[in-house]
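Following: one structure in structure tokens, then a few remarks.
Below, each value reflects all heavy atoms present in this structure, side chains not excepted, and no hydrogens, waters or symmetry copies.
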Amino acid sequence: MKVYQTNEIRNVALLGGSRAGKTTLAEAMLYHGGIISRRGSIEDKNTVSDYREIELERQNSIYSTVLYAEYNGIKINMIDCPGFDDFVGEVVGALRVADASLMVVNAQNGVEVGTEIQWRWAKKAEKPLVFVVNQLDHDKANFDETFRQLKEEFGNSVTLIQYPVNAGAGFDAVIDLLQMKMLKFPVNGGKTIVEDIPASEADKAAQLQATLIENAAENEESLMEKYLEGENLSEEEIIKGLKLGIRDRGIFPVVCCAAKTDQGVEKLMDFIKNNCPSPNEVAHPVKLTSGKELTCNATEPFSAFVFKTAIEQHLGEVSFFKVYAGELTEAMDVVNANNSSKERISQILCVAGKNREKVEKVMAGDIAATIKLKSVFSQNTLNSTKNPTDIIEPTEYPEPKFRTAVKAKNNTEDEKLGALLNEIKKTDLTFLMEQSKELKQTIISGQGEQHLNIIKWIIEKINKIEIEYYAPKIPYRETITKSAEAMYRHKKQSGGAGQFGEVHMLIEPYYDGMPNQTKYPIRGTETHDLPWGGKLIFNNCIVGGAIDARFMPAILKGIMEKMEEGPLTGSYARDIVVNIYDGKMHPVDSNEMAFKLAGRNAFKDAFKNAGPRILEPIYDVEVFVPSESMGGVMTDLQGRRGIVMGMDSEGKFQKLRAKVPLAEMNKYSTSLSSLTSGRASYGMKFAEYQQVPSDVQSALLKAYEESQTDED
């Protein structure tokens with residue numbers, strides 16, 4: 001393979017809903033790019049992109065797949081993305097390194113759920129977008145309706161470049177508004193035939209070209225002036241305006257194809273070559289954590305971003321990266337800017353799904369992979385020794401939305417399961433795993449029920465560990481609402497040295513800016529930021545040596561132990577001020593253990609008399625919902641004790657903002673999909689802890705008491 005220069009590279013993400021035909025389109029592009037000699041199909045389970053066992057079984061994409069094609073002097077790097085929202089992390093990662101996106105739309109179904117959702121991610125990533133209307137050869141294809149929906153959903157910047165003459169079972173021709181010619185496509189590939197536009201299409205083509213010219217002119221000032229003055233724009237000027245419009249998201253072109261029968265695919269690749277930006281032409285250069293921008297230039301010091309990690313059966317860990325500056329050569333020494341480790345690049349691989357080709361060098365803008373790196377993970381920056389500390393900003397992935405507890409059916413495999421879940425975290429950046437000491441559960445979180453079901457399939461089918469999912473506990477917190485005093489004397493005598501310690505304390509609720517209590521003089525204060533959130537203020541108010549100073553750490557330790565297992569439900573306690581103001585010692589029997597137990601029990605007694613309350617985690621929830629489904633979604637959220645904070649319009653969608661208790665969000669993704677026929681999506685992020693309603697607290701206390709009785 002030749003070494004492609006930056007201006008000879010195009011990086012595109014293939015987006016679209018499930019069954020839009022992204023993988024089939026990729027297969028045809030690989031064929032035209034000479035990477036494969038025969039096109040595979042989803043039905044025959046022999047495509048280059050969907051080669052993993054889970055994808056072959058389900059017959060749809062689960063992971064993004066890096067591909068490439070060499071075409072007419074350029075290299076087109078493609079990332080084929082899954083269409084389901086549960087695997088949106090793969091889309092986000094692909095958009096991070098793509099310089100443009102192709103939104104594949106099924107001409108039978110028009111704008112689908114996946115189209116809407118992935119459009120929003122492309123918009124957030126500020127990536128140029130080309131609509132590819134696919135499956136025009138299907139007898140139910142309806143191009144006019146599909147285009148109408150595209151304009152209605154995504155605005156007047158959606159601009160025709162091509163339209164089909166005869167969409168449906170006999171599809172074989174389009175009108176190209178740039179060339180103002182009719183292009184005829186032989187079924188199953190072959191040389192495109194260029195003909196004059198038939199008289200029956202002339203007026204329609206002229207009208208649509210006028211719209212194209214106007215939209216193209218709007219993206220360049222001199223072209224707009226010329227257009228407004230009534231002058232004709234040359235084809236070269238139209239293409240210039242079109243290319244700028246695509247780059248700046250001022251135009252969203254619509255092109256046509258039937259990927260399964262290889263019609264229009266070669267012309268699509270021509271369009272990508274001529275109109276999509278190369279890596280050094282993008283509107284938004286990548287940023288460093290320092291705030292500086294990184295120029296995509298082969299003369300700069302080497303810098304690359306690892307955007308994806310995969311574990312392959314025969315290769316081990318594979319690191320996929322995009323070179324943002326400089327060049328990378330085989331056997332080159334690089335520095336991981338995130339952890340300062342040094343690495344040697346043993347191999348550089350150009351990857352087309354399960355096919356790999358070794359190359360000696362890749363230039364700025366290119367996408368490639370390497371293996372056998374010791375300490376490199378997704379989101380890491382690899383640099384030359386000339387710029388070892390420059391770190392490329394990490395990709396922002398959506399927060400998990402669906403959580404469950406998991407355990408191995410065979411307890412002896414728990415350790416093995418934990419190690420495997422950690423491995424999955426490396427390759428799936430929207431999957432989280434926590435061994436919760438607090439909840440005494442292993443909690444896993446993902447983007448939806450389907451996402452975690454795929455994780456279960458991998459663990460059971462590939463790794464042969466039987467597991468079960470069950471309801472996760474909620475990380476409640478306990479606190480107090482008023483002051484209370486208590487004393488506790490620990491006295492034990494059983495022959496020989498005994499134990500004696502007596503502690504008197506005043507506890508009060510903590511809040512920012514609170515004044516010190518004045519009932520007892522404070523001789524010393526310790527502030528502890530608790531690992532689980534909130535604070536403990538520990539005040540020594542002892543006068544006259546009632547308790548020796550050497551016993552104060554033991555008292556604090558006893559209190560902290562009880563805060564780790566709160567008196568109400570065993571949850572962590574937080575935001576409490578403890579004042580130790582009196583006590584008694586014994587000259588022989590007093591020791592640290594005695595005072596630890598006295599402090600622990602005094603705190604427990606005071607806590608129960610201080611207006612104790614249970615706090616629950618509250619999440620900020622944002623729901624993108626079709627306007628017609630808004631009423632049902634709001635009613636459902638209110639039934640989950642949610643408080644609607646506001647809403648904003650985004651086209652035909654509403655963005656609903658609410659605060660909802662985590663305890664009420666279990667399986668929300670499944671319910672939301674049912675309410676909106678799968679068209680809504682949502683995100684959630686921890687916001688704060690709030691007191692639970694009294695009826696909920698009563699139920700929690702009762703459940704905890706019953707669980708303690710069962711354990712006894």
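Within 6.0 Å of atom CE in Met514, more than 12 heavy atoms from other residues, nucleotides or ligands are found, so the atom counts as buried in its surroundings. Annotation: Lys416, atom NZ; neighbour count of heavy atoms from other residues, nucleotides and ligands within 6.0 Å does not exceed 12.
Using a 3.5 Å distance cut-off with no hydrogens or angles, the side chains of Thr518 and Asn516 do not pair a donor with an acceptor. A donor-acceptor pair shorter than 3.5 Å can be found between the side chains of Glu485 and Tyr581. Ser669 and Glu449 share no donor-acceptor pair across their side chains, judged by distance under 3.5 Å alone. Checked by atom type, the side-chain pair Gln441/Ser436 shows no donor-acceptor distance below 3.5 Å. Side chain to side chain, Gln435 and Thr442 meet the donor-acceptor criterion of an N or O pair below 3.5 Å. A donor-acceptor contact closer than 3.5 angstrom is absent between the side chains of Thr479 and Arg613. Between the side chains of Arg120 and Ser681, a donor-acceptor pair is found at a separation under 3.5 Å. Glu438 and Ser571 are not linked by any side-chain donor-acceptor pair at a separation below 3.5 angstrom, with hydrogens and angles left out of the test.
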Inset, instruction - List the steps and the verdict of side chain to side chain contact (heavy atoms under 4.5 Å, CB included) for Tyr510 and Ile480. - result: CA-CA 9 Å; Tyr510 168 83; Ile480 56 174; over 6 Å; no
Inset, instruction - Could you go through the side chain to side chain contact (heavy atoms under 4.5 Å, CB included) check for His451 and Ser445 one step at a time? - result: CA-CA 9 Å; His451 183 192; Ser445 307; over 6 Å; no
Inset, instruction - Could you walk me through whether Asp414 and Thr412 pass side chain to side chain donor-acceptor pair (under 3.5 Å), step by step? - result: CA-CA 6 Å; Asp414 281 341; Thr412 62; over 6 Å; no
Legend entry - Verdict with supporting geometry, Thr381 and Asp390, side chain to side chain contact (heavy atoms under 4.5 Å, CB included): CA-CA 8 Å; Thr381 300; Asp390 288 349; 5.7 Å; no
Legend entry - Ser378/Thr309 under side chain to side chain donor-acceptor pair (under 3.5 Å): CA gap, chis, key distance, verdict: CA-CA 6 Å; Ser378 296; Thr309 302; 2.8 Å; yes
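We find that Lys308 and Glu90 are joined by a salt bridge, their nearest charged nitrogen and carboxylate oxygen being less than 4.0 Å apart. One finds no salt bridge joining Glu112 and Arg679 here, because no Lys/Arg side-chain nitrogen approaches an Asp/Glu carboxylate oxygen to under 4.0 Å. Using a 4.0 Å cut-off between charged side-chain N and carboxylate O, Glu460 and Lys456 make a salt bridge. Taking a cutoff of 4.0 Å between a charged side-chain nitrogen and a carboxylate oxygen, Lys287 and Glu393 do not qualify as a salt bridge. Salt bridge absent: Asp575 and Arg477 never bring a charged side-chain N and a carboxylate O closer than 4.0 Å. For Lys702 and Glu705, the salt-bridge test fails: no basic side-chain N is under 4.0 Å from an acidic carboxylate O. Taking a cutoff of 4.0 Å between a charged side-chain nitrogen and a carboxylate oxygen, Lys659 and Asp620 qualify as a salt bridge.
Taking the ring axis of Phe500 as reference, the NZ or CZ atom of Arg489 does not stay both within 45° of it and closer than 6.0 Å to the ring centre. Cation-pi geometry between Arg249 and Trp119 is satisfied (NZ or CZ under 6.0 Å from the ring centre, within 45° of the ring normal).
Taking each heavy atom of Ser341 and Ser375 in turn, the nearest pair found is OG-CB, 3.7 Å. The minimum heavy-atom distance linking Glu396 with Val92 is given by the pair O-CG1, 3.6 Å.
Contacts classified as side-chain hydrogen bond (donor to acceptor under 3.5 Å, both in side chains) and involving residues 535-553 (residues at least two apart or in different chains) are given here: Thr525-Asn539, Asp529-Lys535, Asn539-Asn579.
The CE atom of Met647 lies 5.5 Å from the CG atom of Leu656; values are rounded to the nearest 0.5 Å.
Listed by chain and number, the residues in a ring-ring contact (aromatic ring centres under 6.0 Å, His included) with Phe686 are Tyr619, Tyr689 (sequence neighbours excluded). Remark: Tyr63 pairs with no residue by the ring-ring contact (aromatic ring centres under 6.0 Å, His included) rule, at least two apart or across chains.
For Tyr682 and Tyr668, the gap between ring centers is short of 6.0 Å.
A donor-acceptor pair is defined here as one N or O able to donate and one able to accept, closer than 3.5 Å; no such pair exists between the side chain of Asp589 and the backbone of Gln499.
Ring-plane geometry between Phe607 and Phe603 is classed as tilted, the angle between the planes lying from 30 to 60 degrees on a 0 to 90 degree scale.
Residues Thr430 and Pro398 form a side-chain contact, since some pair of their non-hydrogen atoms from C-beta on lies under 4.5 Å apart.
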